[in-house]
There are 2 protein chains.
Amino acid sequence: MTALDPEKRYRIGEFGALVGLSTYTLRYYEDEGLIRARRDENDQRYYTVNDIGWIGFLLHLKGTGMKLTELKQYVKWRAQGDQTIPQRRDLLEQVREASLAEIREREASLKVLSHKIDWYDGKLDHQIADNESFAEYLSQFSDQD
Amino acid sequence: MTALDPEKRYRIGEFGALVGLSTYTLRYYEDEGLIRARRDENDQRYYTVNDIGWIGFLLHLKGTGMKLTELKQYVKWRAQGDQTIPQRRDLLEQVREASLAEIREREASLKVLSHKIDWYDGKLDHQIADNESFAEYLSQFSDQD
DNA sequence: GTAACCCTTCGAGTCGACTCTAAGGCAAGC
DNA sequence: GCTTGCCTTAGAGTCGACTCGAAGGGTTAC
């Protein structure tokens, strides 16, 4: 069991590599108020393993399709304490619905794409094209190809 | 049963409303070689119900996350006839994999977001915050909030 | 007949989220 | 002592996919 030292200071470059963000992006996020970094006696930023949690959470939110502006609003509310929990909850709920809708749309599109791949596979299987059944097959998707 | 007239000519504005694209976008796609429009004796574009199929298919491909550049390549190959079927198939396959990977990532992110919503709901239920269990709960996600 | 629509070219603007450069300067490791 | 990394501010550049505007002119619908 290698225990990670909670005191270890990661400088911005090292930390960026750890969380998968460039130094540019880390500073950019800091400018935008999404994250904070502590500073050493020479004003150089440093992070600890503790900071991974929050950034990971942020990246998950971003991964749902949440925009930076929304993230900024969220962080702002968070800084205002527990009385903004309803707003934060509602924002996340709204993001969740939008994200689920996008997934559903994408899945529908993927279905069409997959059928097309299947059709290509069929066409590749037996070189003799049966254009009659092709047209029939395609009519399922209102796809003229 | 209202049969739609396959001869009916839709001008660009009407057709755009039908497929959910602006006239700008339709002309743009045409410039990019993705679609074609017939012209009347005065060089005005027109479309028929027949054109809906291809555009719908395109929009489905786009809906999987396929980029315009990829779409353009696809259309180019399509114009070259059946000998490019393997390339087209492979391109679609590649798009499919990328798209599925994105869905999986988004689903993982959504799980985190949903847990957070649940947690807010719990917190809203009983006003007395139990910070001990909160920290415990969050540690699941390596989320410091 | 007049408003609303369509045509062309061509270039500029928008949005989102970075990404990088410049300029000038400190700091740490080998 | 020199390379590499970090600091600042401020602004420019990138990518993708539109979106719009101007200019100048034809067309369609009521």
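So you know, we letter chains A, B, ... as the sequences are listed, proteins then strands, and number each from 1.
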Phosphate-side-chain proximity, [X] and [N], N/O vs OP1/OP2 below 4.0 Å:
{"X": "Arg45(B)", "N": "dC7(C)", "answer": "yes"}
{"X": "Arg27(B)", "N": "dC7(C)", "answer": "yes"}
{"X": "Lys62(A)", "N": "dC18(C)", "answer": "yes"}
{"X": "Thr25(A)", "N": "dT19(C)", "answer": "yes"}
{"X": "Tyr29(A)", "N": "dA17(C)", "answer": "no"}
{"X": "Arg11(B)", "N": "dA4(C)", "answer": "no"}
{"X": "Lys67(A)", "N": "dC18(C)", "answer": "no"}

What is the nucleic acid contact for Tyr46(B), judged by heavy atoms within less than 4.0 Å: base, sugar-phosphate only, or nothing?
->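 Tyr46(B): no heavy atom of the nucleic acid under 4.0 Å.
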Give the rounded distance in Å between these two atoms: [atom1] of [X] and [atom2] of [N].
{"X": "Lys72(B)", "N": "dA17(D)", "atom1": "NZ", "atom2": "C1'", "result": "11 Å"}
{"X": "Asp31(B)", "N": "dC20(D)", "atom1": "CG", "atom2": "C1'", "result": "14 Å"}
{"X": "Tyr24(A)", "N": "dA10(D)", "atom1": "OH", "atom2": "P", "result": "18 Å"}
{"X": "Leu26(B)", "N": "dC5(C)", "atom1": "CG", "atom2": "P", "result": "16 Å"}
{"X": "Leu58(B)", "N": "dA17(D)", "atom1": "CG", "atom2": "P", "result": "13 Å"}
{"X": "Leu34(A)", "N": "dG16(C)", "atom1": "CG", "atom2": "P", "result": "15 Å"}
{"X": "Leu68(B)", "N": "dA17(D)", "atom1": "CG", "atom2": "P", "result": "4 Å"}
{"X": "Tyr47(B)", "N": "dC7(C)", "atom1": "OH", "atom2": "P", "result": "7 Å"}

Side chains of Thr48(A) and Lys8(A): does their closest heavy-atom pair fall under 4.5 Å?
->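 Not touching, per the 4.5 Å side-chain cut-off.
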In terms of ring plane angle, is the pair Trp54(A) and Tyr74(A) parallel, tilted or perpendicular, where the classes change at 30° and 60°?
->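 Taking Tyr74(A) first and then Trp54(A), their aromatic rings lie parallel (interplane angle under 30°).
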Give the ring-plane orientation class for Phe15(B) versus Tyr10(B), where under 30° counts as parallel, over 60° as perpendicular and anything between as tilted.
->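 Ring orientation of Phe15(B) relative to Tyr10(B): tilted.
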Proximity to the side chain of Ser22(B) - top-ranked nucleotide from dT19(D), dC7(C), dA17(C) =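 Out of dT19(D), dC7(C), dA17(C), the nucleotide with an atom closest to Ser22(B)'s side chain is dT19(D).
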Proximity to the side chain of Arg39(B) - top-ranked nucleotide from dC7(D), dT8(C), dC18(D) =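 In terms of side-chain proximity for Arg39(B), the closest of dC7(D), dT8(C), dC18(D) is dT8(C).
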Specify the residue among Met66(B) and Gln44(B) whose closest nucleotide of DNA chain D lies further upstream toward the 5′ end.
->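 Closer to the 5' end of DNA chain D: Met66(B).
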Could you pick out which residue, Glu30(A) or Tyr28(B), lies toward the 5' side of DNA chain D when each is mapped onto its nearest nucleotide?
->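 Going by which nucleotide is closer to the 5' end, it is Glu30(A).
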Path from Tyr24(A) to Tyr29(A) over hydrophobic side-chain contacts below 4.5 Å =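 The answer is no; the residues belong to distinct hydrophobic clusters.
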Answer with yes or no whether the hydrophobic clustering places Leu71(A) together with Leu91(A); edges join I, L, V, M, F, W, Y residues whose side-chain heavy atoms lie under 4.5 Å apart.
->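 The answer is yes; both residues are in one hydrophobic cluster.
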5'-most by nearest nucleotide on DNA chain C - Asn42(B) or Leu21(A) =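 The residue closer to the strand's 5' end, by nearest nucleotide, is Asn42(B).
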Would you kindly say whether Tyr47(A) and Arg9(A) are connected by a side-chain donor-acceptor distance under 3.5 Å?
->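 No pair is found: no donor N or O on one side chain lies under 3.5 Å from an acceptor on the other.
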